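Report on the following structure.
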There are 2 protein chains.
Amino acid sequence: MLNYQLDQTFNALADPTRRALVERLAQGPASVSELAAPLPMSLPAVMGHLKVLEESGLVKSEKTGRVRTCRIEPQMLSQAEHWVAERRAMWERSLDRLGAFLDMTKEDET
Amino acid sequence: MLNYQLDQTFNALADPTRRALVERLAQGPASVSELAAPLPMSLPAVMGHLKVLEESGLVKSEKTGRVRTCRIEPQMLSQAEHWVAERRAMWERSLDRLGAFLDMTKEDET
DNA sequence: TTGATACTTAATCACATGCTTAACTATCAA
DNA sequence: TTGATAGTTAAGCATGTGATTAAGTATCAA
């Protein structure tokens, strides 16, 4: 995954309003005003957040008539998940190496 | 996981310099200047990034003599991972419900 | 004790973010 | 065609971010 895509994806998820939008969209598609209704801010503010989500690839939208319907795009979600999982795995391998090293030195002591 | 912790964790991961630091630390602990050496910025700038990582809980550090040694803290990493995984699961369940609904309407048609 | 090393803090600055309100466009329904 | 609805765009503003350089502190080694 490219660096700037990770920037955009993690940045999109770093805001509670945007996570609320993702959470709502995880339950199914919604229009812009449906998404904005429960949020304590103006519609243009919500549209700003949707723009960030859409640029990150986490959300896609489509306009039919005067209604824009937004839906979640789970691929980016799983790519972010993978980045984190891989670093955690790296860390665990480095712990294993440390463990092996400590075992080795222990054997030397005996 | 609390909202502001997710804010801090995702925000910490939303910067390529900070991800580079996480990536380096996933291979094992390092001092501040070891971490700063390969990066194209001043030491105070790197310390700013380390502060963000440390406030997020992704990194911990400890000073011995004049050397501060930093290490990764994988718990926050896996908590961020879980948040993403759960939303993806939500989305998949909502797809299942849609599938079930479509199957149902199909049965009605026959 | 003197000098180098490793980090820390402070002042500064350019630029990005996250809102707001107001004005505008496009669609739908009567 | 008129009015309401759904969304969009623009201007403005307070605050936050990410960097810099310069100066300061604590530790270590000779």
Side-chain angles (χ1 to χ4, degrees), chain A residues 3-25 28-73 80, chain B residues 3-25 28-73 80:
Chain A
N3 228 334
Y4 74 89
Q5 288 180 310
L6 283 169
D7 285 12
Q8 289 183 316
T9 303
F10 284 125
N11 179 56
L13 295 175
D15 180 278
T17 300
R18 289 194 290 265
R19 284 199 306 279
L21 291 170
V22 167
E23 208 137 349
R24 168 62 189 81
L25 289 175
S31 73
V32 172
S33 21
E34 278 169 356
L35 291 170
L39 297 175
M41 67 183 67
S42 67
L43 204 100
V46 174
M47 298 218 10
H49 287 298
L50 282 172
K51 195 181 171 205
V52 172
L53 286 167
E54 200 151 356
E55 283 170 354
S56 77
L58 285 167
V59 164
K60 291 217 184 311
S61 75
E62 191 180 11
K63 196 164 179 178
T64 307
R66 53 187 167 164
V67 177
R68 176 172 298 282
T69 302
C70 306
R71 65 190 67 251
I72 207 170
E73 200 65 33
Chain B
N3 228 333
Y4 74 89
Q5 288 180 310
L6 283 169
D7 285 13
Q8 288 181 315
T9 304
F10 284 126
N11 179 55
L13 295 175
D15 180 279
T17 300
R18 289 194 291 264
R19 284 200 305 280
L21 291 170
V22 167
E23 208 137 347
R24 168 63 189 82
L25 289 174
S31 73
V32 172
S33 21
E34 278 168 357
L35 291 170
L39 298 175
M41 67 183 67
S42 66
L43 204 100
V46 174
M47 298 219 8
H49 287 298
L50 282 171
K51 194 181 172 207
V52 172
L53 286 167
E54 200 152 356
E55 282 170 354
S56 77
L58 285 167
V59 163
K60 292 217 183 309
S61 75
E62 192 180 11
K63 195 163 181 177
T64 307
R66 53 188 168 163
V67 177
R68 176 172 298 280
T69 301
C70 306
R71 64 188 69 251
I72 207 170
E73 200 64 33

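This is a predicted model, so every value here is computed, not measured. Residue numbers begin at 1 in each chain, while the letters A, B, ... track the order of the sequences.
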Subject >> Within residues 53-60 of chain A: residues closer than 4.0 Å to DNA chain D (heavy atoms) >> reply: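 Here the set is empty: none.
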
Nearest 0.5 Å, what's the [atom1]-[atom2] distance between [X] and [Y]?
X: Phe10(B); Y: Thr9(A); atom1: CZ; atom2: OG1; result: 10.5 Å
X: Leu50(B); Y: Leu58(B); atom1: CG; atom2: CG; result: 11.5 Å
X: Gln5(B); Y: Gln8(B); atom1: CD; atom2: CD; result: 7.5 Å

**OP:** Report, as a single string ordered 5' to 3', how protein heavy atoms within less than 4.0 Å touch nucleotides 18-25 of chain D: B base, S sugar-phosphate only, - not at all.
**Re:** SSBBB---

Original post:
In B/S/- notation, 5' to 3', how is nucleotides 23-30 of chain C contacted by protein heavy atoms closer than 4.0 Å?
Top reply: ----BS--

Less than 3.5 Å apart, which donor and acceptor atoms pair up between the side chains of residues 33-45 of chain A and the rest of the protein, not counting sequence neighbours?
{"unit_1": "Glu34(A)", "atom_1": "OE1", "unit_2": "Ser31(A)", "atom_2": "N", "d": "3.0"}
{"unit_1": "Ser42(A)", "atom_1": "OG", "unit_2": "Ala45(A)", "atom_2": "N", "d": "3.4"}

Side chains of residues 18-25 of chain B: which donor-acceptor pairs under 3.5 Å do they make with residues two or more places apart or in other chains?
{"unit_1": "Arg18(B)", "atom_1": "NE", "unit_2": "Ala12(B)", "atom_2": "O", "d": "2.9"}
{"unit_1": "Arg18(B)", "atom_1": "NH1", "unit_2": "His49(B)", "atom_2": "ND1", "d": "3.2"}
{"unit_1": "Arg18(B)", "atom_1": "NH2", "unit_2": "Asn11(B)", "atom_2": "O", "d": "3.0"}
{"unit_1": "Arg19(B)", "atom_1": "NH1", "unit_2": "Asp7(A)", "atom_2": "OD1", "d": "3.0"}
{"unit_1": "Arg19(B)", "atom_1": "NH1", "unit_2": "Leu13(B)", "atom_2": "O", "d": "2.8"}
{"unit_1": "Arg19(B)", "atom_1": "NH2", "unit_2": "Asn3(A)", "atom_2": "O", "d": "3.0"}
{"unit_1": "Arg19(B)", "atom_1": "NH2", "unit_2": "Asn3(A)", "atom_2": "OD1", "d": "2.3"}
{"unit_1": "Arg19(B)", "atom_1": "NH2", "unit_2": "Asp7(A)", "atom_2": "OD1", "d": "2.7"}
{"unit_1": "Glu23(B)", "atom_1": "OE2", "unit_2": "Arg87(A)", "atom_2": "NH2", "d": "2.7"}
{"unit_1": "Arg24(B)", "atom_1": "NH1", "unit_2": "Gly28(B)", "atom_2": "O", "d": "3.0"}

Nearest-angstrom distance from the residue atom [atom1] of [X] to [atom2] of [N]:
X: Leu39(A); N: dT20(C); atom1: CG; atom2: C1'; answer: 16 Å
X: Met47(A); N: dT21(C); atom1: CE; atom2: C1'; answer: 15 Å
X: Glu62(A); N: dA6(D); atom1: CD; atom2: P; answer: 18 Å

Original post:
Does anything in residues 63-73 of chain A pair up under side chain to side chain donor-acceptor pair (under 3.5 Å), and if so which pairs, sequence neighbours excluded?
Top reply: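 Only Ser61(A)-Arg68(A) qualify under side chain to side chain donor-acceptor pair (under 3.5 Å).
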
